[in-house]
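Inspection log for the structure reproduced underneath, given as structure tokens.
Each chain gets a letter, A, B and so on, in the order its sequence line appears, and its residues count up from 1.
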Protein chains: 2
Amino acid sequence: MNIRTLCLGILNFGDATGYEIKKLSSEGRFSYYIDASYGAIYPALTRLHEEGMISLREEHQEGKPTRKVYSITEEGRQEFIANLSVDPAPDKFKSQFLFLMMCAENLTPDQIKKIIDGRISYLKCECSHMDEVREHCDHAGSQFVIGYGRAMCQAALKYMEDNREFAEQIGKDTINVEAAE
Amino acid sequence: MNIRTLCLGILNFGDATGYEIKKLSSEGRFSYYIDASYGAIYPALTRLHEEGMISLREEHQEGKPTRKVYSITEEGRQEFIANLSVDPAPDKFKSQFLFLMMCAENLTPDQIKKIIDGRISYLKCECSHMDEVREHCDHAGSQFVIGYGRAMCQAALKYMEDNREFAEQIGKDTINVEAAE
DNA sequence: TACGTCATATAACGGTTTGATATATAATTT
DNA sequence: AAATTATATATCAAACCGTTATATGACGTA
């Protein structure tokens, strides 16, 4: 799924500027499973507008750049709907935390402990962020999606709490092995 | 975390060719949280070799291209360890499935059902793939990481089974709304 | 006075996708 | 049985897509 479809999808929920699309994708109710950058959004919007998929309304403001508010057109809606019919691609997931855990025998027990503590507070933060988003949103699709994200987050937290001792042991074992050599 | 560090990390587990690094990252025990492409791996290995971070042993074969087997050097190991000390970046997660669910009111009940069925079999497939990887691997870090992935996968399956009716209702509601208009 | 928010935009960089090249073996179709 | 197609091994480059970093600038807040 490319940014083109992503912009159309967000605009299908309501008019927005490039700035707002960015915020929705990295902080709003889309943020759990999407993250687009300005460098991709602005050129995509320009092209979508040239092709008539979205229309533009300029709101001039004093001291600030002109707000360029985009709306999806009937043509754009059709392209968007057509794109929804293709089979969804597999999820993409990248985690530097898991990579670090995989290499835990190269870390000191102290480092491992710090990383795990950081992970748990990161997950708690994500979790409460999703709770917040869920409260301010009664759209059914959003409820389902945020609920999914929350379930993942809670499962991760539970796993971390149940298995942190095992992970911390890796660092301690390595020290003993090195001492024995 | 860039491919450079990723290649060093995989080579720190043992010698490998570019081809094998790719397989490990998209099918092996790293695949749950990493995925690198040939187009990134080969240039990275070439550069790493030029810089003395990895050494090269060529194995000539009949009919096939020469196998270029890389090993991490002491210098490479030092760079790798140094890179493990930085705070892990937040996870990156992208899901076309969740995007589709977010837009469920634009889909027919039939489409939603098909997407959910596909999702459940995808998750089951991922889950059994992880079980398989876990069995063939008694390295502690791998156990922790695969266990994490498995926990996520099972939580996703449970959520899907508990909430599929809710999601399927979205499509049916939309039809009724449209009929009423 | 420095940082966070609003707002658009581009250049440099990094990584993915696609496809070229080449052979052997396994599976499927005719 | 023969022919075709898919899969696995193995490296690599070009085209394309998206991220990161940065420029610009004003307003509000700590």
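Taking atom CD1 of residue A/I41 and atom P of nucleotide D/dT19, one finds them 8 Å apart after rounding to whole Å. Rounded to a whole Å, the CZ atom of B/R57 is 12 Å from the P atom of D/dA10. For the pair B/K92 NZ and C/dG15 C1', the interatomic distance rounds to 10 Å; values are reported in whole Å. Residue B/L56 contributes atom CG, which lies 12 Å from atom C1' of D/dT11 at whole-angstrom precision. For the pair B/I21 CD1 and D/dC12 C1', the computed distance is 15 Å after rounding to whole Å. In this entry the distance linking CD1 of A/I3 with P of D/dC16 reads 17 Å, nearest Å. Atom CG of B/D35 and atom C1' of D/dG18 are 16 Å apart (whole Å).
Residue order along DNA chain D, read from the 5' end via each residue's closest nucleotide, puts B/R67 first among A/E62 and B/R67. When each of A/Y42 and B/Y38 is assigned the nucleotide of DNA chain C with its nearest heavy atom, A/Y42 is the one assigned upstream, toward the 5' end.
Applying the 4.0 Å criterion to OP1 and OP2 of C/dA7, one finds that A/Q61 has a side-chain N or O inside that range. Residue B/K94 has a polar side-chain atom (N or O) positioned under 4.0 Å from OP1 or OP2 of D/dT19. In this model, the phosphate group of C/dA9 is approached by a side-chain N or O of A/K68 to a distance below 4.0 Å at OP1 or OP2. Between B/T17 and D/dT11 there is a side-chain polar atom (N or O) within less than 4.0 angstrom of OP1 or OP2. The side chain of B/Y19 contributes no N or O atom lying less than 4.0 Å from OP1 or OP2 of D/dT11.
In this structure, A/Y159 contributes its side chain and B/Y148 its backbone to a donor-acceptor pair below 3.5 Å. The backbone N or O of B/K22 lies less than 3.5 Å from no partner atom in the side chain of B/E27, so there is not a single donor-acceptor pair. Judged by distance alone, the side chain of A/K23 and the main-chain N or O of A/G28 form no donor-acceptor pair under 3.5 Å.
Within the 4.0 angstrom heavy-atom criterion, no nucleotide atom of any strand lies near B/T46. Using a 4.0 Å heavy-atom cutoff across all strands shown, B/K22 reaches no nucleic acid atom at all. Here B/G39 lies in heavy-atom contact (under 4.0 Å) with a base.
Proximity note for A/P43 (side chain, C-beta onward) versus C/dT16, C/dT10, D/dT19: the nearest is C/dT10. The listed nucleotides are D/dT20, C/dA7, C/dG15; the one nearest the side chain of A/P65 is C/dA7.
In this structure, A/R4 pairs ionically with A/E79, as a charged nitrogen and a carboxylate oxygen lie closer than 4.0 Å.
Cation-pi geometry between A/R150 and A/Y32 is not met at under 6.0 angstrom from the ring centre and within 45 degrees of the axis.
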